[in-house]
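One structure is given here, and the rest of the page talks about it.
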Amino acid sequence: PGNGKRPPVWIITAGIALQSQLLNKDLPLAIKAASSTSGVSYGLLKGISNYVCPLMVAAHEQDPPSFNDDVLAERWVDLNTWIKDGGSDRGQLSHEPHGVLWSKVSCSPGECLGKHCPMVKGCVGFNTRLATRNADIIITNYHTYGYYLKGGHLTSSEAAKVAPRIFIFDECHEMEDVLQNTLGYYI
C-alpha cells in the first residue's frame with residue numbers, strides 16, 4: 001500500500017461512471033467482505049482541471065470578464081457564488097459548467113504552477129491530489145495516468161512514493177487513443 005511498505009495499486013479506467021462505481025460501491029464492499037484488509041485506503045486521482053484554481057479565481061476577482069451573452073453572464077454569477085460557498089470540484093456541480101466559464105476558474109496541467117503556486121495552500125485540487133498519493137489503491141483515468149507518465153507535477157522523490165507495481169487497466173479499448181493524445185506531440 002501507499003503507506004510506505006509497498007507501492008499502491010492503480011486502477012485505471014476510461015470513464016467517470018466506472019470510477020464512481022469503484023469508489024462508492026465496489027471498493028467499500030470488497031474491503032468490508034475481506035475483514036483482513038481493514039485500514040486499506042483508496043482515493044480518486046482526478047486531473048487538476050477538474051478543480052477550481054484559486055489563482056485564476058483571484059485574477060478574475062481583480063479583472064472580471066465581460067460577456068456579450070446574458071445567459072453566460074448569469075451562469076458566471078452562479079458559478080462564482082458556488083465557488084464563494086466553498087465549491088471547488090467540478091464533479092460536485094449539479095450540471096456541467098459551460099467550457100468558457102470553467103476555463104476562467106480552472107487551469108490545465110500545463111498551466112498549473114503546482115507546489116510553486118502562491119496559493120497552493122488553498123488549492124483543493126493540488127492538495128487532494130497530494131493526499132491521494134498516500135492511498136493504498138489509486139483510481140484514475142487514462143488521461144491522468146498519461147500525465148503521470150509524462151512527469152506531471154511530481155518530483156522524482158514524490159513519483160517514487162506513488163510508483164505503481166500493480167496496475168489494473170479497465171476499458172483497455174480506450175487506452176491507446178487516450179495515451180497517444182496525452183503523451184504524443186503534434187507538429
Side-chain angles (χ1 to χ4, degrees), residues 2 7-27 41-57 79 82-83 87-117 119-120 123-187:
V9 173
W10 284 50
I11 301 174
I12 304 162
T13 184
I16 292 172
L18 182 54
Q19 292 168 17
S20 186
Q21 177 185 327
L22 287 165
L23 192 67
N24 300 312
K25 294 179 183 176
D26 297 347
L27 284 174
S41 63
Y42 52 92
L44 179 62
L45 183 63
K46 298 194 315 187
I48 199 70
S49 62
N50 287 286
Y51 298 96
V52 169
C53 170
L55 193 60
M56 295 287 280
V57 171
L79 181 60
W82 174 78
I83 292 168
S88 59
D89 181 339
R90 182 171 69 186
Q92 295 170 338
L93 282 165
S94 60
H95 60 283
E96 182 64 24
H98 191 283
V100 168
L101 301 180
W102 190 253
S103 70
K104 297 195 180 301
V105 297
S106 69
C107 63
S108 70
E111 298 169 316
C112 180
L113 301 175
K115 66 182 179 181
H116 303 292
C117 179
M119 303 186 93
V120 71
C123 181
V124 172
F126 183 81
N127 291 307
T128 299
R129 290 169 58 88
L130 215 51
T132 301
R133 75 175 189 189
N134 294 318
D136 300 311
I137 301 170
I138 297 173
I139 303 164
T140 195
N141 63 33
Y142 288 115
H143 288 91
T144 303
Y145 178 65
Y147 190 67
Y148 163 81
L149 290 174
K150 219 175 189 178
H153 288 292
L154 301 176
T155 65
S156 57
S157 63
E158 289 170 331
K161 289 179 183 176
V162 295
R165 297 275 195 307
I166 300 173
F167 298 96
I168 300 171
F169 294 103
D170 197 12
E171 300 177 301
C172 288
H173 61 282
E174 303 281 345
M175 183 169 51
E176 181 180 357
D177 287 341
V178 173
L179 290 180
Q180 184 176 15
N181 288 332
T182 305
L183 297 170
Y185 295 93
Y186 295 93
I187 298 176

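Keep in mind that the numbers below use all heavy atoms, side chains included, and drop hydrogens, waters and symmetry copies.
- Contact record, Phe126 with Ile48: N-CD1, 3.6 Å, taken as the closest heavy-atom pair.
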Practice problem: Dump the intermediate steps for side-chain contact (heavy atoms from CB on, under 4.5 Å) on Leu101 and Lys104, then the final yes or no. | Solution: CA-CA 5 Å; Leu101 301 180; Lys104 297 195 180 301; 5.6 Å; no
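- You'll find the side chain of Val9 stays beyond 4.5 Å of the side chain of Phe167, heavy atoms only.
- A side-chain donor-acceptor contact under 3.5 Å links Asp136 to the backbone of Ser41.
- Panel note: side chain Arg129, backbone Leu45; no donor-acceptor pair is recorded below 3.5 Å.
- Between Leu23 atom CG and Ile139 atom CD1 the span is 4.5 Å, to the nearest 0.5 Å.
- Taking CD1 of Ile168 as the reference point, atom CD1 of Ile12 lies at 9.5 Å (rounded to 0.5 Å).
- Considering CD1 of Ile11 and CD1 of Ile166, their distance stands at 10.5 Å, rounded to 0.5 Å.
- Heavy atoms only, all atoms of each residue included: Phe169 and Tyr145 are closest at CE2-CE2, 4.0 Å.
- For Val52 against Trp102, the heavy-atom pair with the smallest separation is CG2-CH2, 3.7 Å.
- Taking SG of Cys123 as the reference point, atom CG of Leu130 lies at 10.0 Å (rounded to 0.5 Å).
- Inter-residue side-chain proximity for Thr132 and Ile138 is flagged as met; some heavy-atom pair is nearer than 4.5 Å.
- Ala14 and Glu171 make their closest contact through N-OE1, 2.8 Å (heavy atoms, listed as atom of the first residue, atom of the second, distance).
- Rounding to the nearest 0.5 Å gives a distance of 11.0 Å between NE2 of His98 and CD of Glu96.
- Of the possible donor and acceptor atoms, none in the side chain of Ser20 sits under 3.5 Å from a partner among the backbone N and O of Ile16.
- In terms of heavy atoms, Leu179 sits closest to Tyr142 at CD2-O, 3.5 Å.
- A donor-acceptor pair under 3.5 Å links the side-chain atoms of Asn127 to the main chain of Val120, judged by distance alone.
- In this structure, the side chains of Asp177 and Gln180 come closer than 4.5 Å at one or more pairs of heavy atoms.
- Once rounded to the nearest 0.5 Å, the distance linking SG of Cys117 with CE of Met56 reads 11.0 Å.
- Using a 4.5 Å cut-off on side-chain heavy atoms (C-beta onward), Leu22 and Asp170 make no contact.
- The two residues Gln19 and Asn141 come nearest to each other via the heavy atoms NE2-CB, 3.0 Å.
- Side chains of Val124 and Asp89 form no contact here, defined as non-hydrogen atoms less than 4.5 Å apart.
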